[in-house]
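Data first, discussion second: the structure below is written as structure tokens.
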Number of protein chains: 2
Amino acid sequence: MLRTHTCGDLRLGHAGLTVTLCGWVQRIRNKGSLIWLDLRDRYGVTQLIFEGETATPTLIHQAKELKREYVVKVRGTVRARKDSNPHMRTGAIEIQVQTLEILNTAKTPPFLVEAETDGGEELRMQYRYLDLRRPPLQDNLILRHQVMLQTRAYLNQRQFLEIETPMLIQSTPEGARDFVVPSRMHPGQYYALPQSPQTLKQLLMVAGFDRYYQLARCFRDEDLRADRQLEFSQIDCELSFATQADILTIFEGLVQHIFRNVKNIELPQFAHMTYTRAMELYGTDKPDLRFGMPFVELTHLAQQGGFRMFDDAALVVGICVQGCAGYTRRQLDELTDFVKQRQIGASGLVYVKYNTDGSLKSSVDKFFGQAQLSTWADALQAQPGDLMLILAGEAQATRQALAVLRLKMGDTLNLRNNTQFAPLWVVDFPLLEWDKTTQRYHARHHPFTAPRPEDISSLEERPEAVHAQAYDLVINGVEIGGGSIRICNRAVQERMLRILGFGNEEAEQQFGFLLEALEYGAPPHGGIALGFDRLCSLLGRGESIRSFIAFPKNNAGRDVMLKAPAPISQKQLEELGI
Amino acid sequence: MLRTHTCGDLRLGHAGLTVTLCGWVQRIRNKGSLIWLDLRDRYGVTQLIFEGETATPTLIHQAKELKREYVVKVRGTVRARKDSNPHMRTGAIEIQVQTLEILNTAKTPPFLVEAETDGGEELRMQYRYLDLRRPPLQDNLILRHQVMLQTRAYLNQRQFLEIETPMLIQSTPEGARDFVVPSRMHPGQYYALPQSPQTLKQLLMVAGFDRYYQLARCFRDEDLRADRQLEFSQIDCELSFATQADILTIFEGLVQHIFRNVKNIELPQFAHMTYTRAMELYGTDKPDLRFGMPFVELTHLAQQGGFRMFDDAALVVGICVQGCAGYTRRQLDELTDFVKQRQIGASGLVYVKYNTDGSLKSSVDKFFGQAQLSTWADALQAQPGDLMLILAGEAQATRQALAVLRLKMGDTLNLRNNTQFAPLWVVDFPLLEWDKTTQRYHARHHPFTAPRPEDISSLEERPEAVHAQAYDLVINGVEIGGGSIRICNRAVQERMLRILGFGNEEAEQQFGFLLEALEYGAPPHGGIALGFDRLCSLLGRGESIRSFIAFPKNNAGRDVMLKAPAPISQKQLEELGI
């Protein structure tokens with residue numbers, strides 16, 4: 001190696017040692033015949049000093065040529081610093097340089113290569129290799145590496161086999177949109193990139209592999225919303241001869257293992273909650289449990305008071321916000337405006353202040369007296385000093401709106417601390433959901449998810465009442481992953497596909513290989529997929545998954561550094577027959 | 001879990017224990033009221049017995065319904081076998097079954113699910129999930145998992161970071177053909193799937209990551225020859241501040257680590273040989289060094305004897321095959337026919353037998369006397385009993401033909417034992433090769449490979465004399481991987497691209513991002529990529545890489561199980577605008 005140590009290695013114990021370091025010039029302080037320089041690599045920063053008898057005029061001349069981001073190799077002696085810097089791991093020492101070699105020069109970077117940069121998003125994406133030099137992004141990719149390492153360590157130890165599944169597979173119009181790849185050897189025919197290795201991992205179970213995993217690259221040609229990528233990674237797992245409870249235990253253990261070994265965080269035991277309960281209490285199937293503020297239904301207490309908004313509503317539901325009875329008129333108006341925004345869509349907001357003197361003051365005092373408001377306060381378990389916020393209207397929409405308001409209040413009160421983690425298994429999802437647009441049922445999870453055994457007989461008559469053996473992992477209100485026990489019987493799988501609107505021929509054409517495989521001794525099996533980018537972002541307390549991906553696409557699906565996608569040559573198009 | 005143990009777990013020490021096993025019915029022996037059954041899972045086979053007081057008529061009735069490949073769950077007691085089977089790990093015990101549950105039935109498989117099967121290639125590809133149940137294929141994928149695991153263990157310990165690079169990148173017409181992916185959001189534009197993450201890993205070095213690896217999926221749209229796949233995996237690595245010698249040492253260590261920890265094989269220190277020497281001694285840049293039989297040039301000894309074939313030849317070159325002086329006329333005629341085949345293309349074969357009585361007998365006795373033949377024997381270091389085989393003609397073609405003949409003689413004499421491993425670094429490759437068809441130079445490795453520093457000045461004047469800082473790893477005549485030190489200077493990279501025939505605009509368009517990155521402080525760096533499928537196949541002593549891939553394509557690039565590629569819907573085509 002060109003170096004004997006890295007820029008993060010040296011300590012006081014190395015004093016007197018002659019070492020060679022390589023790295024990038026981070027900062028230069030030049031006081032004429034005395035020059036200091038911070039040398040940076042992936043492992044840290046080490047201070048170099050040019051002074052004393054080793055600082056020959058030639059060396060000083062060389063050092064003066066250096067600029068930020070030059071790549072250099074220096075040889076020198078480790079010595080104690082006069083003023084040691086406790087904020088740097090190498091802060092106790094410096095290197096008195098004897099020789100200096102410029103390995104490469106550097107143009108002035110278009111933005112500051114420091115923790116805090118002055119570069120805009122688009123510029124940093126174009127020079128991603130410079131952005132990636134900044135310590136926060138270095139840390140993110142190192143964290144990602146460690147999460148991979150710990151994921152594999154845990155699963156390897158539990159007899160899971162990592163098996164690579166193909167990337168060039170068949171297109172399945174069900175679900176999200178596929179990316180397709182034209183075949184040159186078979187003109188007019190296309191491969192598709194996998195949206196997930198779902199059916200392939202099920203075939204691995206049929207093949208008897210029993211415990212499979214893969215850090216799988218998946219592709220979805222979706223219009224990009226904030227923080228989505230066209231390609232993403234998932235921890236993809238499947239196992240045979242396991243119950244739902246076994247799977248939850250194993251993967252709770254995995255997530256705990258990752259948090260413990262990567263971030264030294266001990267997660268609590270994961271909460272379990274049914275889908276129905278989550279909707280009732282938090283209006284969402286991915287509740288943030290770092291704080292309470294559960295929904296309380298007030299419909300029966302609040303109707304027939306002559307207040308039209310309540311009387312006409314299918315649902316009246318509220319939350320109790322602790323300690324906010326002192327909110328001003330203006331703060332309450334802002335909350336009302338917030339819930340009335342189009343994307344939230346509430347028709348209005350009712351508040352009840354439980355004043356510290358015990359009195360109740362509401363925006364509906366015209367319709368409800370103290371006694372009645374008091375029954376609401378009891379239902380909401382409000383205490384003096386609390387603020388009750390109440391919405392009313394169509395049941396589902398009202399719950400969704402209150403869920404958003406609840407999160408906003410959590411943010412406002414700093415109850416959503418990103419050093420705290422509240423993991424939750426949401427279970428007992430409905431198997432199907434009715435899609436008004438297409439007037440048919442959709443699989444809530446995917447078409448291979450098994451119904452609960454006791455519900456199978458209701459599949460055709462009461463599809464909406466059938467529960468799935470499906471589960472989602474939610475941490476801090478973010479869906480980290482989900483999975484299910486799979487159908488392992490051809491007849492049930494065919495019934496499921498029929499309910500989803502597949503004709504026999506269509507089912508055969510798209511899923512014939514799987515239907516056939518289920519006839520040759522498919523073991524009971526199930527699995528899970530965890531969103532790897534999102535998990536890293538949660539662990540790294542990052543805002544965006546993009547900061548945890550080496551070379552992400554922008555919101556238009558472009559790699560602005562590589563300039564992809566781009567037109568291809570006429571020759572390529574002709575060879576492909578397109 | 002539905003089971004307490006696997007079918008590979010139980011030993012005599014478990015006798016008396018009540019256990020529950022799940023697995024596939026491998027074999028049934030039915031002697032009326034006494035039934036034996038072999039139950040198989042990924043971990044082994046356990047013998048079940050239905051007899052005695054637990055074998056109620058109901059249980060026996062159930063057991064008689066079983067067929068091959070049914071999936072069952074059994075509960076019973078472990079007991080010592082009367083006749084233990086030393087060939088099975090569980091051969092000392094059997095399970096006396098108490099209860100039996102059929103978890104799934106199975107149709108009769110289209111071929112035998114046993115180590116030796118009766119199924120043809122195409123049928124086994126169609127039912128790959130059944131083929132994968134066979135122990136040899138199970139072993140192959142488990143081996144592959146272990147090679148992955150050991151690769152990561154070794155590299156993780158040495159500060160390499162696993163970093164995922166994108167799959168949707170830009171198309172580069174240089175090199176092999178890209179698979180392309182039409183962009184729906186940007187009609188008329190295409191992503192390409194990576195042929196390797198070459199430029200991206202170089203950018204990671206520019207970004208300061210210093211030691212990178214990835215088990216990378218790569219894609220090449222090539223017409224398939226035997227044992228090629230459209231998609232394949234490579235151990236892809238890059239490091240900064242390392243010399244070629246450092247890189248060879250680290251990756252020699254990796255391969256030794258894998259052999260040691262996966263197969264308990266201690267590899268010898270890797271031989272080093274220049275490209276020139278390999279061509280001289282073995283006529284190929286990937287010589288099989290499990291046996292000797294080096295080439296000896298006889299041109300100066302064998303010309304001007306009046307034998308036209310030699311006199312007209314640019315090269316006369318032979319090998320000495322030990323102990324084969326007794327070859328019959330017919331055997332020698334077969335060898336002559338072999339080298340005269342069109343794909344080998346020699347014009348003829350000259351032999352000299354060094355008889356055990358010390359006499360020399362050749363096919364060219366008319367032209368050469370004993371004394372002359374004796375000089376050849378000396379040059380070839382032949383001993384009494386040996387056979388010398390000599391080819392002549394155009395230098396390169398003759399070497400290539402003799403290389404094939406050498407391998408054939410190695411096979412014939414069982415010198416190519418697949419339990420023996422002869423690893424070799426081939427170094428000092430030429431940087432460029434002249435392509436007669438396109439009348440231009442091609443990069444022998446790729447356009448980013450650095451010339452030897454002392455040769456850079458000859459780049460334009462004597463391109464063919466420039467050596468590259470490139471290296472290949474060859475084991476047993478198979479190229480396992482290769483790599484190089486990369487160009488880290490924009491000016492040199494531009495000169496290289498110019499020599500390869502790129503105009504300035506073309507270079508900018510295709511490699512502008514890399515050229516620019518080289519200006520912002522690129523560290524000296526280099527790397528390597530090892531063919532992962534091939535490495536597994538070598539370790540597993542398999543004939544085909546296909547047997548080490550879960551779901552491979554056939555020779556026409558088709559997945560006959562998934563039926564890919566296939567036509568896609570009109571709606572998809574319209575959305576993509578193709």
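Not measured: the values here are computed from a predicted model. Naming convention: chains lettered A, B, ... in sequence-line order (proteins, then strands); numbering from 1 in each chain.
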| B:Thr6 portion near chain A, given a 4.5 angstrom heavy-atom threshold | neither
| message | Under 3.5 Å, is there a donor on one side chain and an acceptor on the other for B:Asp559 and A:Tyr191? | response | no
| said: Please tell me whether A:Gln572 and B:Tyr190 have a donor and an acceptor in their side chains that are separated by less than 3.5 angstrom. | reply: no
| For A:Pro182 against B:Pro182, the heavy-atom pair lying closest together | CD-CD, 3.9 Å
| task | Heavy-atom distances under 4.5 Å only: say whether B:Tyr212 touches chain A with side chain, backbone, both or neither. | result | neither
| remark: Comparing A:Cys488, A:Ser569, A:Pro552 against chain B, the one with the most heavy-atom pairs below 4.5 Å turns out to be A:Cys488
| said: Taking side chain as everything from C-beta outward and backbone as N, CA, C, O, which of these in A:Lys563 sits under 4.5 Å from a heavy atom of chain B? Side chain, backbone, both or neither. | reply: backbone
| task | Let me know if A:Phe232 has heavy atoms under 4.5 Å from chain B in its side chain, its backbone, both or neither. | result | neither
| task | Identify which part of A:Met185 has an atom lying under 4.5 Å from any heavy atom of chain B, answering side chain, backbone, both or neither. | result | side chain
| request: Flag the pair A:Tyr520 / B:Glu69 as yes when at least one side-chain heavy-atom distance between them is below 4.5 Å, and no otherwise. | output: no
| request: Answer whether the closest heavy-atom distance between the side chains of B:Asn156 and A:His145 falls below 4.5 Å. | output: yes
| said: Let's test your reading of the structure: which of A:Arg152, A:Lys553, A:Gln229 forms the most heavy-atom pairs below 4.5 Å with chain B? | reply: A:Arg152
| note | Scanning both residues in full, the closest heavy-atom pair of A:Arg42 with B:Asp210 reads NH1-OD1, 3.9 Å
| Yes or no on side-chain contact (heavy atoms from CB on, under 4.5 Å) for B:Leu161 and A:Leu141, after CA distance, side-chain angles and deciding distance? | CA-CA 8 Å; B:Leu161 294 174; A:Leu141 291 200; 5.8 Å; no
| message | Does any backbone or side-chain atom of B:Phe511 lie under 4.5 Å from a heavy atom of chain A? Answer side chain, backbone, both or neither. | response | neither
| task | Compute whether any side-chain donor of one residue and acceptor of the other, for B:Glu516 and A:Tyr127, lie under 3.5 angstrom apart. | result | yes
| task | Let me know if B:Ala556 has heavy atoms under 4.5 Å from chain A in its side chain, its backbone, both or neither. | result | both
| task | Below 4.5 Å from any heavy atom of chain B, which atoms of A:Gln202 appear? Answer side chain, backbone, both or neither. | result | neither
| query | Measuring heavy-atom distances to chain B, does A:Arg177 have an atom under 4.5 Å in its side chain, in its backbone, in both, or in neither? | reply | side chain
| query | Does any non-hydrogen side-chain atom of B:Leu576 lie less than 4.5 Å from one of A:Val180? | reply | yes
| query | Taking 4.0 angstrom as the limit, do A:Arg144 and B:Glu162 come out as a salt bridge? | reply | no
| Closest non-hydrogen atom pair between A:Leu132 and B:Ala207, with its separation | CB-CB, 3.6 Å
| query | Is chain B contacted by the side chain of A:Leu130, its backbone, both, or neither, given a heavy-atom distance below 4.5 Å? | reply | side chain
| remark: Looking only at heavy atoms, the pair that brings A:His186 and B:Pro565 closest together is CD2-CG, 3.8 Å
| task | Would you mind telling me which of A:Leu203, A:Ile549, A:Ile568 has the largest number of heavy-atom pairs within less than 4.5 Å of chain B? | result | A:Ile568
| query | Is the closest basic N to carboxylate O distance between A:Asp178 and B:Arg184 below 4.0 Å? | reply | no
| task | Could you tell me which portion of A:Leu562 (side chain, backbone, both or neither) has an atom closer than 4.5 angstrom to a non-hydrogen atom of chain B? | result | both
| said: With a 4.5 angstrom heavy-atom cut-off, is it the side chain or the backbone of A:Leu514 that approaches chain B, or both, or neither? | reply: neither
| Flag side-chain contact, heavy atom, 4.5 Å: A:Val206 against B:Arg133 | yes
| task | Determine the option with the most heavy-atom pairs under 4.5 angstrom with chain B, choosing from A:Met148, A:Arg68, A:Gln138. | result | A:Gln138
| Would you say B:Tyr129 and A:Leu204 make side-chain contact, with heavy atoms under 4.5 Å? | no
| request: Sort B:Ser240 into side chain, backbone, both or neither according to what part of it lies under 4.5 angstrom from a heavy atom of chain A. | output: backbone
| said: Is B:Leu518 close to chain A through its backbone or its side chain, or both, or neither, when contacts mean heavy atoms under 4.5 Å? | reply: backbone
| Side chain, backbone, both or neither: which part of B:Arg128 has an atom under 4.5 Å from a heavy atom of chain A? | neither
| query | Less than 4.5 Å apart, any side-chain heavy atom of A:Leu2 and any of B:Pro524? | reply | yes
| field | Residue selection (most heavy-atom pairs with chain B, distance under 4.5 Å) from A:Asp41, A:Ile169, A:Thr243 | value | A:Ile169
| task | Output the option from A:Asp131, A:Asp221, A:Ile163 having the highest count of non-hydrogen pairs under 4.5 Å with chain B. | result | A:Asp221
| Which word best sums up how the rings of A:Phe241 and B:Trp24 line up, parallel for under 30°, tilted for 30 to 60°, or perpendicular for over 60°? | perpendicular
| Which region of B:Leu573, side chain (C-beta onward) or backbone (N, CA, C, O), has a non-hydrogen atom less than 4.5 Å from a non-hydrogen atom of chain A, or is it both or neither? | side chain
